[in-house]
Structures are given as C-alpha cells and as structure tokens.
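The block underneath contains the structure these notes are about, expressed in structure tokens.
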Protein chains: 2
Amino acid sequence: MITDAVRGAEQLSVAELAAATGASEMTIRRDLEVLAEQGVLERFRGGARSLLLRGEGPPFALRKQDGIDAKQRIAAAARLIAEGESVVIDSGTTCLEVANALRNHRITVMPLSLHAANALAGGPRLTLLMPGGEVRTGELTMTGPLAQASLAALRFDTAILGCCGLSAADGLTAYDLPDAAVKRAAIASARRTIVVTDGSKFTRTALAAVAPASALDAVVTDGTAPAAQLEALTAAGTTVWQV
Amino acid sequence: MITDAVRGAEQLSVAELAAATGASEMTIRRDLEVLAEQGVLERFRGGARSLLLRGEGPPFALRKQDGIDAKQRIAAAARLIAEGESVVIDSGTTCLEVANALRNHRITVMPLSLHAANALAGGPRLTLLMPGGEVRTGELTMTGPLAQASLAALRFDTAILGCCGLSAADGLTAYDLPDAAVKRAAIASARRTIVVTDGSKFTRTALAAVAPASALDAVVTDGTAPAAQLEALTAAGTTVWQV
DNA sequence: GACTTTCGCACAGAGATTTTGTTCAATAGA
DNA sequence: TCTATTGAACAAAATCTCTGTGCGAAAGTC
C-alpha cells in the first residue's frame with residue numbers, strides 16, 4: 001500500500017504518507033526502512049522515492065502476493081503432470097504456485113529457482129534435482145552457463161515455464177537475457193512445454209525472445225486473458241487451458 | 001523432550017505422554033503430528049514409536065538446535081575467510097552456522113546443501129553459486145554425479161567441511177557414501193580445506209572415508225575436543241583452532 | 001452390529017511475539 | 001545557529017501462536 005502510494009506519486013514525504021495512511025510517522029519510517037532494504041524505494045531525508053519505474057519490476061516478495069488466487073488457480077496445471085514424469089519448473093511467482101501444487105506428486109523435478117526448490121523440498125515422494133548455476137538476488141533464479149549445462153545434460157518429459165510476455169506474434173518473451181537463455185535450454189531439454197501465466201502477460205512483449213508460439217505445446221491461463229490472443233495461439237497449434 | 005521420551009521407551013501411548021508432560025492429550029497429538037512429519041517417529045492409533053533407533057541419526061531440524069551455541073562459536077571460522085575469496089561450504093548443521101556467519105561477506109560461495117543456500121541467499125555482497133545434483137530429503141544435501149561434476153568444473157580458494165567423524169588415524173569420515181564423494185570432490189577442487197566440528201566427533205569414526213588428516217589444512221573446534229587428538233592432528237601438519 | 005476408544009475439528013482463553021505510538025536526545029541540512 | 005528529521009527506548013495495542021475443552025466422526029474391539 002505504501003508501495004503503491006510512492007509508486008503513484010514517484011516521490012512522497014514521510015508526513016504525507018502518515019496523513020494518507022493514518023499511521024504515525026514513526027511507523028511510516030520503519031516501513032520505509034524495510035522497503036528500502038528490499039530495494040523497492042530509496043530513502044532521502046524527509047521522504048522516499050520509488051525505484052520501481054526505473055528498475056525492472058517490483059521485487060519477488062511483493063509480486064508473490066499479487067493476484068495470488070489467480071496463480072493458485074493456474075497452478076491447476078499440475079494436473080497435466082502424470083505420475084512418474086520428469087519436470088522442469090521455471091522461476092517466477094506463478095511457477096512457484098505450480099511447485100507448491102506438485103509437492104506431493106510422485107515425480108522427478110528440477111526447479112530453476114531456489115524459491116521453487118524450497119517449495120518442493122521435503123516432498124515425500126518426489127526426486128528433487130537442482131541445476132547448478134549462479135543464483136541471482138531476489139528472484140533466486142539459477143542462471144549462467146552452469147545452469148544451461150545442467151539442463152543440456154538431461155532430458156525431461158515436461159517443461160513448465162512462466163513468462164514476462166506472451167503472444168502468438170512475438171512468442172514467449174522475458175525481461176532478462178540470462179533468464180531467457182535458461183528458459184530456452186529448458187525448452188530444448190523437454191519433450192513438451194507448458195506455459196503458465198495470468199492474463200496480463202498477453203498484452204506485453206519483453207526484451208528477450210525465448211521461443212516462438214509454435215514451440216509451446218500448451219498454455220494455462222486465467223479468465224482475464226484476451227480471447228483474440230488465445231484464439232491466435234490455438235490457431236498456431238498450442239492447446240489453451242483457461243481456469 | 002517428547003522425542004527423548006519416545007526414544008527412551010521405544011514406544012509410548014498418547015495418554016502416557018500426556019501424563020508425563022502434564023499437557024493435554026490434544027497437545028500431545030499435535031506435537032506428535034509434527035514430529036511424525038519430520039520423520040522422528042511413527043504414529044499408530046493410541047501412541048507413537050520412535051524411528052530414531054533404526055534409521056541413522058536424528059533429523060536435521062533437531063540436530064540444528066543441538067549445541068547451537070558451540071556451533072555458533074565454531075562458526076568464527078568465518079574469520080579465516082578473506083574478502084573476495086571463493087568458498088565451498090559443506091552440508092550439515094555446523095556448516096549452516098558458518099554460512100550464516102558468512103552472509104554479509106564479500107565472497108563467492110557455493111553451498112552443498114539447500115539449507116546453507118537459504119542462509120546465504122540475499123546476502124548483499126556475495127555471489128552465490130549452486131552445484132547441480134540430487135537433493136536428499138531432510139539434510140537437503142546436493143549429491144550425485146551432477147554435484148561432483150559441478151565441483152570438478154570449478155576451482156575454489158577454500159573448502160569448509162563438516163564431518164561425522166574425525167581423527168588423526170582415520171582422517172575425515174562421513175556416514176553416507178554419496179555425501180563422502182561430494183566432500184572428496186570439494187577437497188579436490190579447493191586450494192585449502194578447513195574442517196569445522198564440535199568436540200564430539202573426535203571420538204567417532206564413520207563408515208565412509210573422505211580424506212586422511214594430512215589433507216586437512218585447518219580444524220576449527222570447541223573446548224570439548226580431546227587434547228590428545230588435537231595434538232595428533234597438529235603433529236600431522238594440521239593447524240588447530242579451538243574457540 | 002453395538003460398544004469403546006481414539007481422533008481431529010472448532011472454538012475460546014492464555015501467553016508470547018510483533019507492531020505501533022510517544023517521547024526525547026542526536027543529527028543533518030539550510 | 002536554527003529547524004526539521006531521525007532513530008533509540010520504552011509502553012501500549014494488536015496479532016499470532018500455543019494450549020485446552022467439547023463434541024461428532026471414525027477406527028478398533030467384542
């Protein structure tokens with residue numbers, strides 16, 4: 001909430017935030033302190049300014065709660081995974097919910113982020129594999145040549161990918177080049193590729209191209225996805241599940 | 001405490017435990033439920049039986065709190081690590097405390113367990129690398145050929161290892177063969193090897209031999225370590241730090 | 001099939017932990 | 001120098017967690 005206020009105004013004083021939220025200035029300062037630590041905003045004497053416009057997106061901790069119910073519905077994609085399959089699960093908050101949903105399945109699974117690894121760890125019947133790689137702060141994604149090499153050395157039944165942008169024309173896109181490379185490696189090492197994403201991603205195209213729509217076997221999304229895009233994907237040969 | 005009671009008697013009823021602890025049966029049931037989930041014991045209708053005698057050691061969650069202060073003192077081994085070094089950190093509860101102590105250092109670090117990875121994740125100045133590998137339940141150690149290959153492909157300044165047994169005669173030993181193989185790979189890929197361990201390990205020798213004492217550059221341990229063993233290690237050329 | 005025991009959910013109270021607000025001395029900037 | 005802001009310390013409030021009791025359902029037992 002403070003995040004939204006600062007993001008909206010670009011820059012706000014502590015006094016203004018206190019008045020807006022009804023909380024005391026001390027509370028505002030404490031909240032600003034943790035948000036500054038998370039990298040959401042930047043403190044200056046008397047107030048704070050948002051860092052979200054300049055940097056890429058908001059940090060993981062915030063995005064995780066954003067539209068959590070839609071993500072959990074989309075995580076029904078876990079039903080597409082059969083017993084005994086081997087699966088790669090991408091990084092990102094939507095894929096994290098898929099990981100949660102897969103925790104009690106009897107499968108072999110390789111997550112591409114530490115967040116997903118933690119969600120899966122201790123799953124009673126699953127074999128948990130980790131790729132090597134450099135762990136990026138915040139997202140905790142596995143990246144770099146070690147990660148790509150880990151994927152290249154293995155063959156999976158299914159890759160479950162998240163995305164930053166998806167359309168029939170531009171295919172699957174991501175904000176981050178190292179991430180995009182890992183996603184490509186995941187697709188290359190899997191027999192089948194499933195994309196999980198909420199509807200908002202269909203109106204965006206991010207910097208790094210990962211794969212054309214024709215490389216995607218199935219897309220699982222929610223009711224907010226634009227029908228035209230879904231039809232175009234279907235026409236391109238991708239199965240669309242709307243939950 | 002419940003753990004000790006069940007372990008002592010091998011098998012106890014809910015009513016007996018309630019009488020012994022002074023708590024209600026409902027509380028006992030709830031506690032037993034979490035212990036059963038941790039794999040400490042096995043529920044049956046009316047009571048629970050311990051699994052600790054049959055299996056190997058107690059589970060990670062319990063060992064972590066065991067002698068926590070000694071471990072945190074031993075974690076002063078972090079002072080032996082210089083700025084900018086590259087470090088491998090082994091699995092185990094003692095090494096987890098070392099990882100905690102290293103969180104704010106400016107180093108490159110590769111943990112050999114997910115527990116340590118989580119302790120390090122988000123460290124503001126460190127480069128976090130992960131080895132690939134199979135993640136074993138409970139300990140969350142990285143094992144298998146992927147892990148060994150990850151280590152073999154890299155060269156570190158220092159390896160910080162835990163152990164199940166340590167003596168001048170038998171060297172460093174571990175309970176678990178896959179773990180031992182990974183430890184060996186860590187030693188092979190590091191210029192310097194530091195062992196961190198509490199004093200109790202000096203009276204034990206575990207199944208799998210990892211390395212002779214001569215391969216260990218330094219040992220950091222607490223005051224409970226037997227002096228004779230420490231002298232023997234010193235004679236073998238190992239530097240001993242007692243904290 | 002009837003009876004007894006155990007189980008686990010639901011609710012409520014106690015205790016602990018976290019969050020919040022106030023005061024005040026120190027500090028940064030004009 | 002002066003003023004506004006800050007962060008520490010402490011007390012109050014709110015929240016969460018843990019625990020216990022009652023009760024219907026399920027699992028064993030005879």
Side-chain angles (χ1 to χ4, degrees), chain A residues 1-51 58-62 64-66 68-69 72 100 103-104 118-119 122-124, chain B residues 1-51 58-62 64-66 68-69 72 100 103-104 118-119 121-122 124:
Chain A
M1 159 155 181
I2 287 185
T3 313
D4 296 334
V6 178
R7 179 157 42 179
E10 173 77 3
Q11 160 173 340
L12 276 177
S13 75
V14 172
E16 284 171 314
L17 281 166
T21 60
S24 77
E25 295 197 357
M26 192 64 229
T27 304
I28 296 294
R29 282 199 198 93
R30 278 189 275 240
D31 291 349
L32 289 181
E33 190 177 3
V34 313
L35 289 171
E37 254 176 31
Q38 289 182 4
V40 180
L41 44 77
E42 187 183 26
R43 281 305 315 269
F44 60 84
R45 195 175 177 79
R49 86 176 51 86
S50 176
L51 289 171
F60 192 88
L62 293 180
K64 178 163 149 44
Q65 295 307 319
D66 226 54
I68 181 79
D69 44 336
Q72 283 171 349
N100 278 320
R103 189 165 191 280
N104 293 308
N118 287 324
Chain B
M1 159 155 179
I2 286 185
T3 314
D4 296 335
V6 178
R7 177 155 45 180
E10 173 78 3
Q11 161 173 343
L12 276 177
S13 76
V14 172
E16 285 171 315
L17 281 166
T21 60
S24 77
E25 296 198 357
M26 192 63 230
T27 304
I28 296 294
R29 280 198 200 96
R30 277 189 276 239
D31 291 349
L32 289 181
E33 189 178 6
V34 313
L35 289 171
E37 252 177 33
Q38 290 182 2
V40 180
L41 44 77
E42 188 182 26
R43 280 305 314 268
F44 59 85
R45 192 176 177 80
R49 84 176 54 86
S50 175
L51 289 172
F60 192 89
L62 292 180
K64 178 163 148 48
Q65 294 307 321
D66 225 55
I68 182 78
D69 44 336
Q72 283 172 347
N100 277 321
R103 190 166 191 279
N104 292 309
N118 287 323

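Quick note: numbers below take in every heavy atom, side chains included, and nothing from hydrogens, waters or symmetry partners. Sequence lines set the chain letters: A, B, ... in the order given, protein chains first and strands last, and positions in each chain run from 1.
Distance CD1 (A:Ile28) to P (D:dG7): 14 Å, rounded to an integer number of Å. For the pair B:Leu17 CG and D:dG20 P, the computed distance is 13 Å after rounding to whole Å. Atom C1' of nucleotide D:dA27 and atom CZ of B:Phe44 are separated by 15 Å, given to the nearest angstrom. Between the CD atom of B:Glu37 and the C1' atom of C:dG8 there is a distance of 14 Å, rounded to whole Å. Following rounding to the nearest Å, A:Met26 (CE) and D:dA13 (C1') show an atom-to-atom distance of 17 Å. For the pair A:Leu32 CG and C:dT20 C1', the computed distance is 15 Å after rounding to whole Å.
Comparing A:Glu25 and B:Gly47 by the nucleotide of DNA chain C that holds the closest heavy atom to each, the one mapping nearer the 5' end is B:Gly47.
The side chain of B:Arg43 places an N or O atom within less than 4.0 Å of a non-bridging phosphate oxygen (OP1 or OP2) of C:dC7. Between B:Arg29 and the phosphate of C:dC7, there is a side-chain N or O to OP1/OP2 separation shorter than 4.0 Å. The side chain of A:Arg30 contributes no N or O atom lying less than 4.0 Å from OP1 or OP2 of C:dG21. Checking the phosphate oxygens (OP1, OP2) of C:dG21, a side-chain nitrogen or oxygen of A:Thr27 falls inside 4.0 Å.
Checking C:dG8, D:dT19, C:dT22 against every side-chain atom of B:Asp31, the shortest atom distance belongs to D:dT19.
Under the 4.5 Å side-chain criterion, counting only non-hydrogen atoms from C-beta, A:Val14 is in contact with A:Arg43.
Rounded to the nearest 0.5 angstrom, A:Ile28 CD1 and A:Glu16 CD are separated by 11.0 Å. Separation of atoms OG1 (B:Thr27) and CG (B:Leu17) is listed at 12.0 Å; rounding is to 0.5 Å.
Side-chain atoms of A:Arg45 and base atoms of D:dT6 include no donor and acceptor less than 3.5 Å apart.
Here B:Glu33 does not pair with B:Arg29 in a salt bridge; the nearest charged N to carboxylate O distance is not below 4.0 Å.
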